[in-house]
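A short write-up of the structure that comes next.
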Number of protein chains: 2
Amino acid sequence: MTESILQQPNDYAISLFLKRLLIRSALTGEEQRAILSLTGETQRFGTHFDIVLPGHTVEGACLVAKGLVARYDQMLDGQRQITSFYIPGDMCDLHSVVAPKASWSITAVSPVTIVRVPHRQLIDRCIHYPGIAIGFWRDGTADASVFAKWVGNLGRKNAKARIAHVMCEMGMRNEAAGLGERTSYELPTTQEQLGEATGMTTVHVNRSLQEIRREGLLNFRSGRVEIHDWDALTHIAEFDPSYLMLDGPPHRVAPIAA
Amino acid sequence: MTESILQQPNDYAISLFLKRLLIRSALTGEEQRAILSLTGETQRFGTHFDIVLPGHTVEGACLVAKGLVARYDQMLDGQRQITSFYIPGDMCDLHSVVAPKASWSITAVSPVTIVRVPHRQLIDRCIHYPGIAIGFWRDGTADASVFAKWVGNLGRKNAKARIAHVMCEMGMRNEAAGLGERTSYELPTTQEQLGEATGMTTVHVNRSLQEIRREGLLNFRSGRVEIHDWDALTHIAEFDPSYLMLDGPPHRVAPIAA
DNA sequence: CGAGGGGTTGATCTCCTTCAACGGAGGTGG
DNA sequence: CCACCTCCGTTGAAGGAGATCAACCCCTCG
């Protein structure tokens with residue numbers, strides 16, 4: 001539950017963010033420099049700390065620099081449903097620029113480092129560079145696409161498939177972010193948190209994981225995922241990565257002017 | 001499975017769309033005129049017609065003019081999961097402007113009329129009016145917020161609560177759109193389609209609906225919802241409308257310049 | 001009048017939850 | 001250096017929400 005606020009270099013996180021944007025959006029040199037000139041306050045939070053809570057009106061977006069962050073929704077009886085995970089380089093509530101009042105929570109799944117980038121700066125970049133506004137919108141669309149896919153998972157798949165799908169998704173995203181391989185990456189969650197993401201109880205997560213492990217598909221221990229049979233895992237998960245919008249050339253809605 | 005393409009007046013649909021945007025975003029007079037100058041091809045589709053399929057790269061966004069549209073995801077065994085409904089005035093795949101390649105399907109839940117607005121025009125408006133780009137992004141964020149809420153519903157709520165939540169959501173949205181009252185509106189779906197939205201079988205939708213009806217909360221018959229006890233329904237659904245972003249004054253990220 | 005789509009009902013099954021307990025690893029204080 | 005505590009993973013037994021399978025009904029429409 002620690003929260004310390006430090007001013008310190010955060011260029012690295014910003015450059016990760018730019019790299020993330022460039023996966024999906026082609027930006028001009030000038031636009032790229034406009035992104036790199038963003039600044040923000042570096043903040044550290046311990047596991048389980050709620051960075052944003054419903055009803056909060058925030059003035060800056062949370063760029064994940066280190067650790068694992070999740071957006072979640074809480075029921076009246078205290079049950080939680082994680083709606084997505086965010087890894088370093090993700091601006092986990094970029095949409096707060098246009099919708100600053102949260103109706104969701106953002107929490108530190110593991111100890112995390114956040115760079116809080118003022119909306120003022122992000123808005124400024126959007127106004128001056130339509131290509132940036134559209135790039136932000138595009139990344140928001142990718143985020144929405146993940147939510148939509150999770151709706152399908154929770155609505156129509158069984159326990160093993162749900163877990164497998166999350167593992168495939170996080171693998172692809174980590175690989176695209178340069179943070180590991182799709183078959184080998186850090187996922188610093190407990191089985192309980194994995195249950196909060198897949199809509200199941202800890203007990204059933206545990207049994208399902210065992211079954212998946214027994215089949216030789218996957219090993220998940222102490223915050224690390226090792227996938228032994230990617231093809232088989234994607235098969236039981238019915239995983240098709242196209243929804244992540246990580247492939248194909250970066251988009252540009254209009255030709256890049258010289 | 002009919003698909004007829006007609007050129008005909010669609011000003012009405014465009015004005016509905018503008019009205020929808022103005023709920024969440026303050027636009028200048030010039031920006032509003034830029035929206036109203038949008039044009040598109042009017043198309044009609046029969047029930048169950050798939051307007052967009054995964055893999056399609058579309059060149060125009062679908063503005064719903066009449067009827068009920070859904071976005072859904074299909075599993076390999078044929079099971080479907082609807083991820084959201086769209087009512088007249090909704091541009092159901094506005095995000096296709098920035099992500100033209102679909103990884104989802106869009107289908108006609110009832111007989112529908114669509115106005116297909118070319119991306120070219122929408123992009124043009126975004127480039128010339130940053131306020132419009134940001135407004136589009138904001139509406140996309142609201143759409144994502146609905147997905148996220150559905151993740152919570154499917155992951156953590158029981159059958160009655162899931163159905164009740166959809167009914168509350170569609171009531172609020174219809175009311176905000178001027179298409180009925182929150183307690184009385186058209187929802188032209190079958191129980192099967194309602195099951196596809198709530199992640200349950202037709203049989204169980206039927207039994208749950210009966211129970212809700214027996215409790216005097218709601219009547220759903222022949223495509224029409226009549227809610228008799230709004231407070232009780234929102235209570236069992238744990239429905240809090242803030243995620244719909246329909247309240248509060250329209251946003252503007254920078255003062256409207258004269 | 002027959003066909004088909006949508007709604008309804010009953011019986012049975014099963015996946016996942018619930019409840020309760022235990023074990024191991026790591027951290028902390030006496 | 002050991003005792004203790006807490007967090008996380010694991011296991012067992014029992015119960016329940018919803019799925020599955022199979023009818024049947026009613027209404028509409030050709």
Side-chain angles (χ1 to χ4, degrees), chain A residues 1-2 46-49 68 75 77-81 107-111 153-165 186-214 218-226 236, chain B residues 1-2 46-49 68 75 77-81 107-111 153-166 186-214 218-225 236:
Chain A
M1 221 54 77
T2 66
T47 304
H48 294 306
F49 186 87
L68 187 65
M75 312 300 132
D77 65 359
Q79 283 190 101
R80 288 179 179 193
Q81 178 64 49
T107 192
V109 174
S110 69
N153 283 329
L154 290 172
R156 294 296 177 195
K157 291 187 191 151
N158 65 22
K160 273 166 61 182
R162 292 211 289 265
I163 292 175
H165 200 279
E186 302 288 336
L187 188 72
T189 75
T190 62
Q191 292 186 358
E192 184 180 12
Q193 291 161 329
L194 193 54
E196 287 170 359
T198 52
M200 15 194 305
T201 59
T202 311
V203 171
H204 203 56
V205 167
N206 183 281
R207 291 197 241 257
S208 303
L209 274 173
Q210 284 182 52
E211 209 175 322
I212 294 174
R213 190 186 316 144
R214 238 178 286 122
L218 170 88
N219 209 335
F220 174 55
R221 271 191 46 232
S222 47
R224 190 162 184 89
V225 176
E226 299 286 348
I236 70 162
Chain B
M1 221 50 79
T2 66
T47 304
H48 294 307
F49 186 87
L68 187 66
M75 313 299 132
D77 65 0
Q79 283 190 103
R80 289 178 177 194
Q81 177 64 48
T107 193
V109 174
S110 69
N153 285 329
L154 290 172
R156 292 296 176 195
K157 290 187 193 152
N158 65 23
K160 273 166 59 183
R162 292 211 288 263
I163 293 175
H165 201 279
V166 169
E186 302 288 335
L187 188 74
T189 75
T190 62
Q191 292 186 358
E192 185 179 12
Q193 291 162 328
L194 192 55
E196 286 170 0
T198 51
M200 17 195 303
T201 59
T202 311
V203 172
H204 203 57
V205 167
N206 183 282
R207 291 198 241 258
S208 303
L209 274 173
Q210 285 181 53
E211 208 174 322
I212 294 174
R213 192 185 314 144
R214 239 179 284 122
L218 170 89
N219 209 336
F220 174 55
R221 271 190 47 233
S222 48
R224 187 159 188 91
V225 177
I236 71 162

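What you are looking at is a predicted structure, and each value in this text was computed from that prediction instead of being measured. Here is the naming used below: chain letters follow the sequence lines, and residue numbers restart at 1 for every chain.
OP1 or OP2 of D:dA19 sits under 4.0 Å from a side-chain N or O of B:Thr201. Between B:Gln191 and C:dT8, a side-chain N or O to OP1/OP2 separation shorter than 4.0 Å is present. Residue B:Gln210 has a polar side-chain atom (N or O) positioned under 4.0 Å from OP1 or OP2 of C:dT9. Regarding contacts with the backbone of C:dC15, every side-chain N or O of A:Asn158 stays at 4.0 angstrom or more from both OP1 and OP2. Contact check, A:Thr190 against D:dC8: no side-chain N or O comes under 4.0 Å of OP1 or OP2.
Between the NZ atom of A:Lys160 and the P atom of C:dC16 there is a distance of 10 Å, rounded to whole Å. A:Leu194 has its CG atom 12 Å from the P atom of D:dT10, to the nearest Å. Atom CE in A:Met200 sits roughly 19 Å away from atom P in D:dA17 (whole-Å rounding). Atom CG in A:Leu209 sits about 10 Å away from atom C1' in D:dG9, given to the nearest Å. Regarding A:His204, its NE2 atom lies at a distance of 15 Å from the C1' atom of D:dG15, rounded to whole Å. The separation between A:Leu154 atom CG and C:dT17 atom P is 11 Å, rounded to whole Å. Rounded to whole Å, the distance from CD on B:Glu192 to C1' on C:dT8 is 15 Å. The interatomic distance linking B:Gln193 (CD) with C:dG6 (C1') rounds to 11 Å, in whole Å.
Looking only at distances, no side-chain donor or acceptor of A:Arg80 sits under 3.5 Å from a matching main-chain atom of A:Glu196. B:Thr202 places no side-chain N or O within 3.5 Å of a backbone atom of B:Gln191 that could act as its donor or acceptor partner.
When each of A:Asn206 and A:Arg156 is assigned the nucleotide of DNA chain D bearing its nearest heavy atom, the one mapping closer to the 5' terminus is A:Asn206.
Residue B:Arg213 has its side chain nearest to C:dT8 when only D:dT11, C:dC16, C:dT8 are considered.
One N or O donor and one acceptor, one from the side chain of B:Arg207 and one from the base of C:dG10, sit under 3.5 Å apart. Under 3.5 Å, the side chain of A:Arg221 and the base of D:dG9 form no donor-acceptor pair of N or O atoms.
With A:Phe220 as the fixed residue, the side chain to side chain contact (heavy atoms under 4.5 Å, CB included) test singles out one of A:Thr189, A:Ile163, A:Val205, A:Ile212: A:Thr189.
Across every non-hydrogen atom of B:Lys157 and B:Asn153, the tightest pair is NZ-OD1, 2.7 Å.
Considering only heavy atoms from C-beta on, A:Arg213 stays 4.5 Å or farther from A:Glu226 through its side chain.
Backbone-only contact: B:Gly199 has heavy atoms under 4.0 Å from sugar-phosphate atoms and none from a base.
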